[in-house]
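So the structure is just underneath, and the comments pick up after that.
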Amino acid sequence: MDVSDPGAPGPLVDMTGVTKRYGGVTALEDVDFRVTPGEAVCLAGENGSGKSTLIKILSGVERPTEGEIRIGGQMMTGLDPRRAAAAGVMVIFQDFSLFPNLTVAENIALARDLTAHRRFFDRRAARATARAVLDRIGVDIPLNARLESLPVAHKQLVAICRALACDARLIIMDEPTTALTEREVRRLLGIIRLLKDDGVAVVFVSHKLAEVLEVSEKVVVLRNGRKVAEGPADRFDAASLTRHMTGRDVPEAAPGPYRGDGETLMAVDRLHKDGAFTDVSFALRRGEVLGITGLLGSGRTSLAKALFGLVRPDAGTITVDGRTVPLGDPIGAAEARIGYVPEDRLTEGLFLAQSILRNVAIGRLDVHERRGFVDRRGLENEAQDWLTKLKVKASSIAAPVQSLSGGNQQRVVLARWLARAPQVLILNGPSVGVDVGSKSEIHDIIRDLGTRGLGVIVISDDLPELIATCHRILVMKDGRMVDEIEAGTVTEDELSHRLAS
Amino acid sequence: MTALLARNETLVAAVIVLFCIVAALSDPNFLSVTTLSDLLRASIVLGILAIGAMLVLISGGIDVSFTAVAVSAMYITTKAALIFWPGMPWPMIFALSILIGAGLGAINGVFIAGFGLPTLIVTLGTLSVFRGFLLTFVGSDRISALPPDMREFSRMVIARGTTPGGDFYNLPWSLAALAGVIALTAFILHKTMLGRSIFALGGSVESARRIGIDVRRTQFFVYVYVGALAGLAGILHGSMGRMADPFSLVGLELSVIAAVVLGGARLVGGYGTITGTLLGVALIVLVQNSLVVVGIPSTWQSVTIGALILLGTGLPAWQAKRAAARAG
């Protein structure tokens, strides 16, 4: 296919027939992928769909088994990261790949100096470079600040600036919105528009695409290593994207009406913590799924931790089943049969290198004890039972947790807590970093927990998630409860509006 | 101001000043040119070794073999000179020792950068191997009849004399070696891409690889450079002590690393300054040489150094933790 129209820009990136096999496993099969200058493309797919492999090939980290890559019309054989970067292809990884110990200016200028094969480092020139790109995207970040002292959103901007300093013509962003608040996403999208006007192309790699669809021209969906859909962005919406990504309809069910006995299970009375939340009172009924939301900094995370004793409130009471729960005491909270699934399961909730069995069993050692020894058989049976109930996909319970996908890891955390038969389960960001298919299954599990008579508190800023799982949603702002919303009475847009107002 | 107070350098400097005040109060002779010149002399070998160790820590690794490298380079050089060319001029003796040090460092480099093995394990291994090889195959005799030019070097001084007050002082040329090492290392760390790459490596190896830093080459350089510095420190040690003792130096490695850590370098990599390292060395040397002056028996030396490490590195870490807790 020849581009004969001289006015139309040729493709910036043109990958044809790209196949990648690792041993006997085909990660990517016969995929064509094209990006034109100034275009924004959404590359969608679940974990394991091959999108990461495609990006690795495009950025020179991996070599394709078959297929051709052209960048700027030039055939790239034996592409390596340096050559890809020299051709203007820059990847912003989810972890940003920045250096916490270096300054903002150094982080921005270092990669450019490397690609320019400089031998000497000029601090003043580095600052000038950094200043210029920060100005270009209209952002002010102190140049001498150590990167580790910056908030996540700023780190991302530094990563973008670093790519721009290297004369990026294509910026690939891996899960760019996951760690951002809505306002920060707005700012990011504004910057992306600016870049596109400059002729810089952008590829979003994500499984949370609704937010970036509006600035994108094109959507490409991968599933099981093949391209299954491609087309203009305005022909896709969240539902059709999900359908293409999973290959099936994943309807977001709504929670049924509240069917519990209405009895108060957990009561929180005027809970207060200086600088975090003020005068928070609410009641959780048996069998209810209660959502708590708010923007970043609204105090929702501190509150979640306070409910499980990880943060000690200055005043107030928490009672479960009429009995007072000691404040600031996770062991006391666990004895009151409160369970807590942390937001960052990777650092707070799991022993990654340990087996699934050990991760589930850690909370049950006291029960499965016989004459001072661990009853291994009992533990194994129980763990196996929960993993089956929660449909964890794993080769065996001996497999290390880090070998599982995000969705399955989250289920292991859930299994650990459910094995302890809690009365109240607090879920902080239950589907952060989980792909679409697993997400809706986790939502099924949450709804199911409600019907079993547990009280569940879901703390999240993922509004569709709250609508899909909660009977009632409480809204926090500046540390206070400001709104209470009955489920089924709001749409996502309305909820978003009430959150921001 | 608070930023300045939270830095290790400030803390260490304050402890040094405090130590000197107490020492001066208990012994009026402490604050003299003689003491200063003695302490400076004692800091040379430790300082050069510490700067090497700092570079490794910044790059995110750790090296415990440098003392074995230093003593091997020194002893092999001395013995080779005595056998093949007793009249070898001192610049050549030094060059040979540095070269042998760099070569031994390159062996570390091959295991660490080439095979990607953990730095602590590799250098623990080479520490034993280098020293064992030295004592078994090269020799285990203390040699006090050094090549004449080595003795000659130890007598070369920048300045020596007696102050009007009657204090004797002696600044050897080996001090210039320390100054040269400081200048060269500062230049590499701050003015070259190589130096920035070493910092970047300590910050995040994966990120460094992704922006196109040649991780292996950078690591290899670090271990060769440390080896070369160890070779230099070793020959200085032999020359200043007027004896080639194959049993010396080894055992000092933890004191050296302690000095570097006291000066603010972090074991996780990415952090470290030359100023901090030199202050750390100064403090350790003070404790080792002048503890008696402030009235603490010298048997308490290691306790004191240990306590300083706990305080000097624990306090900033504890402050950082509290600051993080407040921010979170």
Side-chain angles (χ1 to χ4, degrees), chain A residues 56 59-61 80-86 90-93 95-103 105-126 144-149 151 155 159 162-163 165-166 174 274-276 297 301-302 305 310-312, chain B residues 2-4 6-8 54-55 57-60 184-218 221 264-273 276 316-317 319-321 323-328:
Chain A
K56 280 182 187 156
S59 57
V61 177
D80 61 37
R82 268 191 183 214
R83 281 188 65 204
M90 300 284 163
V91 185
I92 297 178
F93 292 93
D95 62 7
F96 307 138
S97 295
L98 296 168
F99 302 100
N101 55 330
L102 301 184
T103 66
E106 288 170 336
N107 266 290
I108 292 175
L110 197 60
R112 184 208 55 166
D113 287 355
L114 278 168
T115 44
H117 295 285
R118 297 208 180 175
R119 294 194 168 278
F120 299 104
F121 178 75
D122 181 347
R123 196 172 299 270
R124 197 169 305 166
N144 280 337
R146 278 226 172 134
L147 191 90
E148 62 187 346
S149 67
K155 287 180 185 160
R162 175 167 80 182
C166 293
D174 192 7
D274 273 340
T301 304
S302 300
K305 291 186 170 174
L310 294 171
V311 163
R312 184 189 291 274
Chain B
T2 41
L4 194 68
R7 291 177 64 153
N8 280 61
M54 174 195 75
L55 210 68
L57 286 189
I58 291 176
S59 78
L184 179 64
T185 310
F187 177 78
I188 291 174
L189 278 183
H190 299 294
K191 296 289 176 195
T192 69
M193 289 303 291
L194 179 63
R196 290 291 100 188
S197 299
I198 294 171
F199 271 100
L201 209 61
S204 163
V205 178
E206 194 51 43
S207 302
R209 199 167 282 135
R210 281 175 181 165
I211 67 164
I213 289 174
D214 191 333
V215 172
R216 291 169 148 208
R217 228 177 59 187
T218 311
F221 168 81
R266 298 191 200 165
L267 291 175
V268 292
Y271 297 85
T273 62
Q319 280 173 339
K321 203 173 161 182
R326 271 200 300 275

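Numbers restart at 1 for each chain; the letters A, B, ... are given by sequence-line order, proteins then strands. Please read all numbers here as calculations on a predicted model, not as lab measurements.
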Side chains of B:R217 and B:S197: does their closest heavy-atom pair fall under 4.5 Å?
-> no
A:R146 versus chain B, the contacting section by heavy-atom distance below 4.5 Å = side chain
For A:R119, is it the side chain, the backbone, both or neither that has a heavy atom under 4.5 Å from a heavy atom of chain B?
-> backbone
Selection from B:K191, B:E206, B:R266 maximising heavy-atom pairs under 4.5 Å formed with chain A | B:K191
When every non-hydrogen atom of B:Y271 is compared with those of B:I58, the smallest separation belongs to O-CG1, 3.8 Å
Which answer fits A:A111, side chain, backbone, both or neither, if we ask what part of it has an atom under 4.5 Å from a heavy atom of chain B?
-> both
Is any side-chain heavy atom of B:T192 closer than 4.5 Å to a side-chain heavy atom of A:F121?
-> no
Pick from A:D95, A:V91, A:T301, A:L110 with the largest number of heavy-atom pairs that fall under 4.5 Å of chain B = A:L110
Is any side-chain heavy atom of A:R123 closer than 4.5 Å to a side-chain heavy atom of B:H190?
-> yes
Check each atom of B:I213 against the heavy atoms of chain A and say whether the ones under 4.5 Å are side chain, backbone, both or neither.
-> both
Of the listed residues (A:N107, A:L98, A:V311), which shares the most heavy-atom pairs with chain B below a 4.5 Å separation?
-> A:L98
Side-chain touch A:F99/A:E106, heavy atoms, less than 4.5 angstrom | no
Check: B:L189 and B:F199 side chains under 4.5 Å, non-hydrogen atoms = yes
A:L147 versus chain B, the contacting section by heavy-atom distance below 4.5 Å | neither
For residues A:R118 and A:R112, determine if any side-chain heavy atom of one lies less than 4.5 Å from a side-chain heavy atom of the other.
-> yes
For A:L114, is it the side chain, the backbone, both, or neither that has a heavy atom closer than 4.5 Å to a heavy atom of chain B?
-> both
